[in-house]
S.K.: 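To start, I am sharing the structure in question, which I have written as structure tokens.
We number each residue from 1, following the sequence as shown.
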Amino acid sequence: MCSNNSFSLISRSRNLVFFSLGCNAVALYQFWCRFAFLLTLLLRCISKIKWIALFVLVLSLASLLLHLSIAKSSSVSLVYNTQMASLLNSSIIGGQGYRSKKLWGAVKPLASLQPYTNSRSSYRAPSEQSNGFIYAKIFGGFANIRSSICDLVAISRLLNATLVLPEIQESSRAKGISGRFKSFSYLYDEEQFISYLKNDVFVVKSLPDNLKASRKRNEFPIFKPKSSAIPSYYLQKVLPSLKNAKVIGLILNDGGCLQSVLPSGMSELQRLRCRVGFHALNFRPEVQMLGKKIVQRLRAWGQPFLAFHPGLVRDTLAYHGCAELFQDVHTELIQYRRAQMIKRGIIREELSVDSRKRRDNGTCPLMPEEVGVLLRAMGYPTKTIIYVAGSELFGGQRMLIPLRAMFNNVVDRTSFCSKEELDSLFGPETTLPLDLYRPPPSKSKQQLKDEWNKAGPRPRPLPPPPDRPIYRHEKEGWYGWITETDKEPDPSPMDMRLQAHRLLLDALDYMVCLEADAFFPGFNNDGSSWPDFSSLVMGQRLYESSSSRTYRPDRKYLANLLNSSRENLYHPMHNWTLLVQEHLNKSLGEEGLVKQTIFSKPTSFLSHPLPECFCRISSVETPDHLVKENGKTVYGDEEKCPDWMSEGRKIESLDLAEEGDNKGDEDMESSEQAESYYNSGKSYLDNLIDQDEEMDPND
């Protein structure tokens, strides 16, 4: 019995084993069949997959190129919107600090000064029978051109001559610039200039056809007046030649051709200068349109902004001997330009001077780092928008690194203009050949050694180590010639074109600086006879709105303050901060205006057109005393404004006061809202989104 049961159990177990082995074999067989089937399909489709993969690759490449083109065309707007959102959020959270009257309010002591350049009763219209034509060539940058044109109009009025539109050499010499604009029209509006001055002088676009050939043969007398030329020079020397030849030419290199301060009997010529500089000289429409766009985009951030012009220009730094304030190759560049000025007789000083003493005397500019420290001492928050103006920043963007570290929102024109907008401003231009590097002829080791020994102790860049050659990228660039020769190469065609572009870029910055809520110059009143960008801005800001916040710092006083706290510049004492605030606040008002009269007006009338181009409203308290210098009143003796101007000013002041009160209430409300948003953990933009979602679409 047991044996039968054992036998049956063994047979069942054997059958189970065979069954399991059979199942595994079947599963294994099915797996291999499926694998072989898939492999066959893969081999059949591999040729098709190649074409599919190639199609997907081409489609991906096309999509990538499309996205890159879209990103390139909209990069400026994307950056602008991102900055606007972040600044809008930060400005609202910042509270009332961004609209504090102590930082952005009007200067009330100067509110009584009003622009008044209308001619008086004794002023006559220009005579129809002029003494002849005056044509002129103007050399120099933006400030020189603007000041020289104003002097030319005044001289044409003095000599009763017809003025031919001046030729701006920066745009005339540039090759391949847009053919739509001529010399004068490249920067200014011709029609506006001619029509506005029709009651002062006759202006024509060019000489008559019968005189053009004689000019090409140089048959007419040419004069090269200096910026300090007195009126008697023109009446005694130039006028007889004009009457005899009927045409004379003027070549202007000094940024002007008539002295700044004229006799009291020539006040009408001074007022004519103001009418030219502040009314007749309008930029061409394309420049005005883009400049207004920049201002609108700045205003869209919802907070005031400060314009800052560093004034770091190579010619100015060389003139005042500020080379040691820089390092390496920039010192050598300044010294080379200074040597050129000494050779031409512009400077009658030694080549090497102590730049530290020059800075302590106030003849060198304030560095951007120092300006940032002063603004922080004044109480400007780190979120303040600072617009850096100027087409030339000697030393490059690295000079702005400390300023950007102190203020988060340091911007310039490139923050608001796309490349396409700037290209449309320049107009269609022809393609110029690339400035390929041409190595100079090689010199022997003995020649190099002799040149190095004769170089003297003046600062020079050290030669490379003997084991390392000078690479090509070290020779190329605007300063690469220093490593090879002592003579600066002539500007290339591309350099000449860039100089013409700088005129338009300066024009854009000029418009922004005039509209800024505050302006701080890094370098003005430098004592030279050349006009500078900052001084022109300060003069027109004074003319258009005398109560606007325009700082007029005394660099000598500030240099002493900065030297006293040089070791603790970023953590100054409280008394030091109070001294800075006291000086800069005084520079905004009458005290700063009087100092500018003494130091700036003798060299540039447009920088301080007071008192000839102003009147004083009688309803506002006049100064208790007259300020005199060398027996001459420099402030406080302005004419009384007409009654119609005084009445209009009263109504305007009342409207502004009411608007200011409402604005203050709105600012208080917005700051309270911002604080509530901040405490609730939401940003201002998040709250706007929530409000949009809650609004009824039908409303």
Side-chain angles (χ1 to χ4, degrees), residues 110-126 146-158 196-197 199-201 227-232 234 255-281 524-525 529 531 535-548 550 552 590 592-618 620 622-623 626-642 645-646 649:
L110 302 181
S112 60
L113 293 175
Q114 297 298 314
Y116 187 50
T117 59
N118 294 350
S119 58
R120 307 305 185 253
S121 58
S122 60
Y123 192 80
R124 299 179 180 178
R146 195 171 185 87
S147 180
S148 298
I149 293 175
C150 296
D151 290 353
L152 280 173
V153 175
I155 291 171
S156 300
R157 173 74 187 190
L158 179 65
Y196 191 88
L197 296 176
N199 296 326
D200 298 300
V201 294
S227 59
S228 59
I230 58 178
S232 60
Y234 292 97
C257 54
L258 185 63
Q259 66 178 8
S260 176
V261 180
L262 297 179
S264 58
M266 295 185 174
S267 298
E268 289 296 342
L269 287 182
Q270 299 289 59
R271 282 188 278 270
L272 177 57
R273 278 174 161 178
C274 292
R275 290 196 294 272
V276 176
F278 305 142
H279 296 282
L281 279 179
N524 70 301
N525 299 342
S529 59
S535 295
L536 293 181
V537 170
M538 296 167 69
Q540 188 157 352
R541 284 175 63 89
L542 176 66
Y543 177 81
E544 294 183 353
S545 178
S546 57
S547 60
S548 61
T550 303
R552 305 172 182 90
E590 295 178 356
L593 203 59
V594 170
K595 288 185 177 180
Q596 187 178 4
T597 304
I598 298 173
F599 294 105
S600 180
K601 187 174 181 178
T603 58
S604 176
F605 173 75
L606 291 181
S607 65
H608 189 80
L610 193 74
E612 292 87 352
C613 300
F614 286 85
C615 64
R616 189 177 292 275
I617 296 178
S618 58
V620 183
T622 57
L626 299 178
V627 181
K628 295 185 178 181
E629 180 70 18
N630 297 329
K632 185 178 180 181
T633 303
V634 296
Y635 182 77
D637 64 341
E638 295 79 16
E639 297 181 9
K640 180 182 177 181
C641 291
M645 185 180 295
S646 301
R649 182 61 182 172

S.K.: To the nearest 0.5 Å, what is the distance between CD (Q270) and OG (S264)?
M.R.: 11.0 Å
S.K.: Going from CG on N118 to SG on C274, what distance comes out if it is rounded to the nearest 0.5 angstrom?
M.R.: 11.5 Å
S.K.: When you look at CZ of R124, are more than 12 heavy atoms from neighbouring residues, nucleotides or ligands closer to it than 6.0 Å?
M.R.: no
S.K.: To the nearest 0.5 Å, what is the distance between SG on C257 and CD1 on I155?
M.R.: 3.0 Å
S.K.: Could you check whether any side-chain N or O of T603 sits under 3.5 Å from a backbone N or O of S600, counting only pairs where one atom can act as donor and the other as acceptor?
M.R.: yes
S.K.: What's the spacing between L152 CG and S148 OG if we round to 0.5 Å?
M.R.: 6.5 Å
S.K.: What distance do S546 atom OG and F614 atom CZ have between them, rounded to the nearest 0.5 Å?
M.R.: 6.5 Å
S.K.: Return the minimal non-hydrogen interatomic distance between L269 and R157, and the atom names on each side.
M.R.: CD2-CG, 3.8 Å
S.K.: So which atom in C613 and which in Y543 form the shortest heavy-atom distance, rounded to 0.1 Å?
M.R.: O-CE1, 3.9 Å
S.K.: Mind checking side chain to side chain contact (heavy atoms under 4.5 Å, CB included) for P231 and listing every partner two or more places apart, or none if nothing turns up?
M.R.: L158, L258, Q259, L262, M266
S.K.: Not counting sequence neighbours, which residues clear ring pair (Phe, Tyr, Trp, His ring centres under 6.0 Å) with Y234? List them please.
M.R.: none
S.K.: Using the rule given for side-chain contact (heavy atoms from CB on, under 4.5 Å), can you reason through C615 versus Q114, listing the C-alpha separation, both sets of side-chain angles and the distance that settles it, and then say yes or no?
M.R.: CA-CA 5 Å; C615 64; Q114 297 298 314; 4.1 Å; yes
S.K.: Using ring pair (Phe, Tyr, Trp, His ring centres under 6.0 Å) as the criterion, list what pairs up with Y196, not counting sequence neighbours.
M.R.: H279
S.K.: Can you list everything that forms a side chain to side chain contact (heavy atoms under 4.5 Å, CB included) with S232? Sequence neighbours excluded, please.
M.R.: I230, Q236
S.K.: Looking only at heavy atoms, which two atoms of P609 and L606 are closest? And how far apart?
M.R.: CD-O, 3.7 Å
S.K.: Could you list the residues that satisfy side chain to side chain contact (heavy atoms under 4.5 Å, CB included) with T550, not counting sequence neighbours?
M.R.: F519, M538, R541, S548, R552
S.K.: Would you please name every residue forming a side chain to side chain contact (heavy atoms under 4.5 Å, CB included) with S119, sequence neighbours left out?
M.R.: Y123, E268, R275
S.K.: Go through the steps for L113 and L610 under the test side-chain contact (heavy atoms from CB on, under 4.5 Å), then give the verdict.
M.R.: CA-CA 10 Å; L113 293 175; L610 193 74; 4.3 Å; yes
S.K.: Should E544 and F278 be marked as a side-chain contact (heavy atoms from CB on, under 4.5 Å) after you check the CA-CA gap, both sets of side-chain angles, and the distance that decides it?
M.R.: CA-CA 8 Å; E544 294 183 353; F278 305 142; 5.7 Å; no
S.K.: Please name the residue in the list K601, R271, R273 that meets the salt bridge (Lys or Arg N to Asp or Glu O under 4.0 Å) test with E612.
M.R.: K601
S.K.: With distance as the sole criterion, is a donor-acceptor pair present between the side chains of S604 and S535 under 3.5 Å?
M.R.: no
S.K.: Please determine whether side-chain contact (heavy atoms from CB on, under 4.5 Å) holds for the pair S227 and D151, giving the CA-CA distance in whole Å, both sets of side-chain angles, and the decisive distance to 0.1 Å.
M.R.: CA-CA 9 Å; S227 59; D151 290 353; 5.8 Å; no
